[in-house]
Undergrad: 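Could you have a look at this structure, given as structure tokens, before my questions?
Naming convention: chains lettered A, B, ... in sequence-line order (proteins, then strands); numbering from 1 in each chain. Computation of the quantities below employed the complete heavy-atom set of this structure, encompassing side-chain atoms and omitting hydrogens, waters and symmetry-equivalent molecules.
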There are 2 protein chains.
Amino acid sequence: MAPTEKVDKRAHILTVAEQLFADNGFDGTSVRDIAQLANVNLAMISYYFGSKEKLLEALIEDRAGYTLGILEELNKNQTLTPWDKVDRQVEHYVDKIFNNYKFHCIMSQQYNNTRSTEIKELIINIKLRNLEEIKKVITDGQKKKVFRKVDVELTMASVFGTLMQIVNSRSLYCRLLKVEETDDATYRKKIAPRIKTHLKQLLRAHLDIKNEE
Amino acid sequence: MAPTEKVDKRAHILTVAEQLFADNGFDGTSVRDIAQLANVNLAMISYYFGSKEKLLEALIEDRAGYTLGILEELNKNQTLTPWDKVDRQVEHYVDKIFNNYKFHCIMSQQYNNTRSTEIKELIINIKLRNLEEIKKVITDGQKKKVFRKVDVELTMASVFGTLMQIVNSRSLYCRLLKVEETDDATYRKKIAPRIKTHLKQLLRAHLDIKNEE
DNA sequence: CCCAAAGTTAAACAAACGTTTAAATTAAAC
DNA sequence: GTTTAATTTAAACGTTTGTTTAACTTTGGG
């Protein structure tokens with residue numbers, strides 16, 4: 001085995017598991033599938049993680065920390081106008097979700113189907129923390145009389161929902177958006193800017209206090 | 001067995017399978033689970049459907065036809081203004097998806113995880129047909145100079161995505177929207193009107209030609 | 001009443017599943 | 001160099017999986 005691979009076999013298993021879980025689902029992936037694709041012995045998964053379910057927990061915990069920090073930092077910057085903050089959060093969120101869309105596929109699917117209460121709570125808390133950070137931006141803009149009165153929670157659901165639609169149903173939107181289905185990178189390159197523009201335009205109209213009814 | 005149950009055992013199996021697939025996923029549900037909850041012999045599922053995967057196909061085909069007709073009818077009504085059509089489609093769509101949210105959960109999850117190309121194509125075609133019908137309403141309003149120029153496909157993704165967020169991540173949004181988590185009916189009663197209001201408001205601002213940049 | 005078709009059953013099938021074992025190998029500490 | 005711990009391995013464990021079998025009961029038409 002090459003020395004570069006040897007460095008962290010645990011991380012390598014996580015990456016392989018992430019891909020398989022995203023493609024075939026948790027129950028649709030066997031530990032033998034993971035072991036084979038990762039080129040490790042079957043027993044190593046129990047050895048490192050204890051069980052298949054613990055492996056999923058480890059995966060979620062590993063990937064979850066990635067986001068929150070950037071969002072919080074964005075909010076602390078007091079010089080930005082509410083509109084600037086919205087634009088930047090859209091930029092950041094679209095990039096982030098495209099970067100680990102496989103993980104977000106797992107989050108969506110596992111949220112619904114897992115029988116483990118711990119995993120479900122884990123996922124809910126991660127999502128809630130992220131949503132709270134976005135919520136601050138909108139309520140802040142409302143206090144400053146820049147944004148109108150809207151349903152804040154459902155506005156977040158619309159932003160997040162738009163994104164999840166695109167990444168979760170890729171080949172559907174490839175056909176709908178008339179983009180040929182190739183690799184991840186080109187899909188992202190073509191779609192990500194378009195989503196950013198759309199979400200900014202959507203939020204600008206939706207939040208603008210001039211559109212108050 | 002009561003004569004009412006006897007009427008259509010096949011339909012009963014489909015209903016039970018729909019619930020279990022939605023709750024535990026396709027791979028997370030065994031044919032024995034279905035047989036037990038439906039109170040039928042294990043072999044009856046092969047007898048009626050041929051296989052577990054054929055059962056899923058039968059379920060999708062059975063549930064899919066339900067929607068399209070109403071959407072088409074709505075579009076033919078020429079007396080309605082584009083705004084009326086938007087409002088009515090929102091009303092209809094929200095109600096429809098709440099009515100069979102379990103089925104839509106299965107559609108979302110299976111779209112991503114199935115290894116069967118036929119099922120994937122089946123789901124894509126159902127969704128594309130539905131989306132085409134919505135698209136007509138928006139492009140019609142644009143032709144009549146009532147709606148501004150927007151990204152039509154992504155606007156649909158936003159509407160559909162908002163809804164899927166709410167029905168797919170129920171207990172998350174129960175907590176976020178501060179609604180206690182009880183049965184389906186009360187959840188729907190409290191949330192559905194709120195979603196309708198939000199989506200109409202969102203689309204009104206987003207589509208209005210007066211907000212043209 | 002009979003008999004072929006449809007429906008239903010318990011039992012069995014091989015394959016795949018997650019996990020464990022106990023022996024073998026490698027690494028690190030002294 | 002020896003010893004202890006960590007890593008890796010092939011094999012096996014007992015379940016559960018989807019599906020099939022072959023016998024049994026029910027049904028409806030002639």
Undergrad: How many whole angstroms separate atom NZ of B:K9 from atom C1' of C:dT9?
TA: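 Distance, rounded to whole Å: 10 Å.
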
Undergrad: Rounded to whole angstrom units, what separation is found between the CG atom of A:L56 and the P atom of C:dT19?
TA: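 About 12 Å, once rounded to whole Å.
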
Undergrad: Could A:K196 and A:D87 be called an ion pair, given the rule that one side-chain N must be under 4.0 Å from one carboxylate O?
TA: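 No, this pair does not count.
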
Undergrad: Could you give the CD-to-C1' distance, from B:Q36 to C:dA10, as a whole number of Å?
TA: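 Taking CD of B:Q36 and C1' of C:dA10, I get 15 Å after rounding.
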
Undergrad: Counting Watson-Crick and G-U wobble pairs whose two distances are both under 3.5 Å, find the runs of 3 or more in a row that involve DNA chain C.
TA: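 Stems (3+ consecutive pairs) listed as C:4-30 with D:1-27.
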
Undergrad: Inspect the contact between A:R129 and A:E132 and indicate whether a charged nitrogen and a carboxylate oxygen are less than 4.0 angstrom apart.
TA: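 Salt bridge: no.
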
Undergrad: Flag the pair A:K190 and A:E180 as a salt bridge only when some basic side-chain nitrogen lies within less than 4.0 angstrom of an acidic carboxylate oxygen.
TA: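 Yes, this pair counts.
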
Undergrad: To the nearest angstrom, how far is B:Y47 atom OH from D:dT21 atom C1'?
TA: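 Computing the B:Y47:OH to D:dT21:C1' distance gives 15 Å.
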
Undergrad: Using atom CE of A:M44 as one end and atom P of D:dA10 as the other, report the distance to the nearest whole Å.
TA: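 So the two atoms are 12 Å apart, to the nearest Å.
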
Undergrad: Give the rounded distance in Å between these two atoms: CD1 of B:I45 and P of C:dT8.
TA: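 About 13 Å, once rounded to whole Å.
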
Undergrad: May I ask you to establish whether B:K127 and B:F160 are in a cation-pi arrangement, using a distance under 6.0 Å from NZ or CZ to the six-membered ring centre and at most 45° from the ring axis?
TA: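 That pair does not qualify as a cation-pi contact.
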
Undergrad: Tell me if a side-chain donor or acceptor on A:S116 pairs with a main-chain N or O of A:I119 at a distance below 3.5 Å.
TA: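 A pair under 3.5 Å: yes.
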
Undergrad: Test side-chain hydrogen bond (donor to acceptor under 3.5 Å, both in side chains) on B:Q165 and B:Y173; report intermediate values, then the result.
TA: CA-CA 8 Å; B:Q165 274 295 104; B:Y173 280 91; 2.9 Å; yes

Undergrad: What does nucleotides 14-20 of chain D look like as a protein-contact string, B for base, S for sugar-phosphate only, - for none, at under 4.0 angstrom between heavy atoms?
TA: ---BBBB

Undergrad: Quick one: label A:F49 by what it contacts on the DNA or RNA (base, sugar-phosphate, nothing), any heavy atom closer than 4.0 Å.
TA: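 The answer is nothing, as A:F49 stays clear of every strand by at least 4.0 Å.
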
Undergrad: Do A:R175 and A:E181 meet the salt-bridge criterion of a basic N to acidic O distance under 4.0 Å?
TA: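 A salt bridge is absent here (no side-chain N lies under 4.0 Å from a carboxylate O).
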
Undergrad: Checking A:Y101 against A:D184 for the side-chain hydrogen bond (donor to acceptor under 3.5 Å, both in side chains) test, could you report, in this order, the C-alpha distance in whole Å, the side-chain angles of both residues, the deciding distance, and whether it holds?
TA: CA-CA 10 Å; A:Y101 76 95; A:D184 290 359; 2.8 Å; yes

